[in-house]
Amino acid sequence: MIPLRDNIPSRRGPIVNTSLIALNVLVFLFEIVVLGSDHLQGFAYRWGLVPAEFWQMGDLRTWVTLFTSMFLHGGWWHLISNMLALYIFGDNIEDRVGHVRYLIFYLLGGLAASGAHLVAYSSSTLPTVGASGAIAGVLGAYLVLFPQARVLTLIPIFYFVRLIEIPAFVYLGFWFISQLFNGIFALAAADVFQSGGVAWWAHIGGFVFGLAVIRLLASRPKAQVMGRYHPWQDGRW
């Protein structure tokens, strides 16, 4: 299921969310244009999060990779899918919590995701890269704050493509269950992950963080009255 948009517009410009998207894109362009394929793997190992190396408690660089790994991506689809999700869901979270708190929340969500991955795959020697752990935190927050919002979703069925509006709690609930199922399977076949794959437990850790923390940061929306109609009541504007 590919999300295309939601039906909750922001009341103020998503400065931080847009900046995060721009930074991720710029870093990826640096990877493919400046570094090229010859140096890309070494760059990923140096600035991606390598669990086995991290637990050795080496130099400062290994700690810095907790942050730098959030802004690296392994390919165009990896980047586009992550940035699309961040674009659709992140602006609403920033709108509710404010610019500064949103940035802090995003980074802490990424750290929580990295922590879950470090515990699940403590001996892995593969670099982990991508913004999806931090974005999973945004998804968890969205489920708490906007469960009745609707997400326009593209669903390919064999040779057909359908566009369906799905309630956010259904879309995000299904997404989380799929991550949990795959995460449990990956732990049961841990040797599979050693050859590469999706960091399912980073997604799970980030999502749970978003669920647990967002209420501490989010203020209640101000009433905007148009006659007798309160536009936030059903998630529509």
Side-chain angles (χ1 to χ4, degrees), residues 1 3 6 8 10-11 14 16-17 19-21 24 49 51 54-55 63 65-71 81-122 128-151 166-187 198-222 232 235:
M1 299 190 299
D6 66 351
I8 308 290
S10 299
R11 296 168 296 179
V16 173
N17 201 60
S19 299
L20 288 170
I21 293 173
N24 277 278
L49 179 63
F54 178 86
W55 289 119
W63 290 89
T65 59
L66 289 170
F67 293 95
T68 56
S69 61
M70 298 183 205
F71 298 94
S81 59
N82 277 346
M83 294 305 101
L84 179 62
L86 186 57
Y87 172 77
I88 293 171
F89 299 106
D91 61 328
N92 301 114
I93 306 304
E94 181 177 352
D95 192 33
R96 281 292 298 272
V97 305
H99 305 308
V100 175
R101 283 184 291 180
Y102 176 67
L103 178 60
I104 295 172
F105 170 79
Y106 181 89
L107 294 175
L108 290 179
L111 291 179
S114 295
H117 180 73
L118 287 170
V119 171
Y121 294 101
S122 59
T128 303
V129 298
S132 54
I135 295 171
V138 172
L139 300 184
Y142 195 97
L143 178 59
V144 173
L145 298 180
F146 305 101
Q148 299 302 324
R150 302 188 73 83
V151 181
I166 300 176
F169 74 90
V170 173
Y171 178 88
L172 296 174
F174 178 82
W175 181 88
F176 178 69
I177 291 173
S178 70
Q179 305 303 300
L180 188 60
F181 177 84
N182 282 289
I184 293 172
F185 172 78
L187 285 180
V198 178
W200 303 110
W201 286 96
H203 299 172
I204 295 167
F207 193 88
V208 171
F209 172 85
L211 289 175
V213 171
I214 192 59
R215 285 293 188 191
L216 302 176
L217 300 176
S219 58
R220 294 181 62 85
K222 295 179 180 179
W232 68 86

## Note on the structure
Heavy atoms of A112 and G205 approach each other most closely as CB-O, 4.2 Å

### Query
Looking only at atom types and distance, does a side-chain atom of W201 sit under 3.5 Å from a main-chain N or O of G183, one as donor and one as acceptor?
yes

### Step-by-step side-chain contact (heavy atoms from CB on, under 4.5 Å) determination, I214 to L145
CA-CA 8 Å; I214 192 59; L145 298 180; 3.7 Å; yes

### Task
Mind listing the closest non-hydrogen atom pair of L172 and L139 along with its distance?
CD1-O, 3.5 Å

### Message
Measuring only between side-chain heavy atoms, which start at C-beta, is F207 closer than 4.5 Å to L211?
### Response
yes

### Query
Quick check: does any side chain N or O of W55 sit under 3.5 Å from a backbone N or O of L118, one acting as donor and the other as acceptor?
yes

### Message
Is the shortest side-chain heavy-atom distance between I93 and Y106 below 4.5 Å?
### Response
no

### Message
Are F169 and F146 packed together at the side-chain level, in the sense that at least one heavy-atom pair is separated by less than 4.5 angstrom?
### Response
no

### Task
State, yes or no, whether a side-chain contact exists between M70 and L49 at a heavy-atom distance under 4.5 Å.
no

### Message
When you compare the side chain of F71 with that of V129, does any pair of heavy atoms fall below 4.5 Å?
### Response
no

### Summary
To the nearest 0.5 Å, atom CZ of R11 lies from atom CG of D95 at 4.5 Å

### Message
Would you say that S69 contacts T128 through its side chain, given a criterion of any heavy-atom pair below 4.5 Å between the two side chains?
### Response
no

### Task
Please list, chain by chain and in numerical order, all residues satisfying side-chain contact (heavy atoms from CB on, under 4.5 Å) with L108, sequence neighbours excluded.
I104, L111, F209

### Query
For G210 and F105, which heavy atoms make the closest approach, and how far apart are they?
CA-CZ, 3.8 Å

## Note on the structure
Rounding to 0.5 Å, atoms CG (L86) and CD1 (I21) come to a distance of 4.5 Å

### Query
With sequence neighbours left out, what residues match V16 under side-chain contact (heavy atoms from CB on, under 4.5 Å)?
L20, E94, H99, Y102, L103

### Sidechain-backbone polar pair: N92 side chain, I8 backbone, donor-acceptor under 3.5 Å
yes

### Query
Are any non-hydrogen side-chain atoms of H203 and H117 less than 4.5 angstrom apart?
no

### Query
Which heavy atom in L217 sits nearest to a heavy atom in R101, and how many Å separate them?
O-NH1, 2.8 Å

### Query
D6 side chain to F89 main-chain N or O, any donor-acceptor pair under 3.5 Å?
no

#### Entry: For A202 against A113, the heavy-atom pair lying closest together
O-CB, 3.0 Å

### Task
Measure across N24 and A131 and return the closest heavy-atom pair with its distance rounded to 0.1 Å.
OD1-CB, 3.9 Å

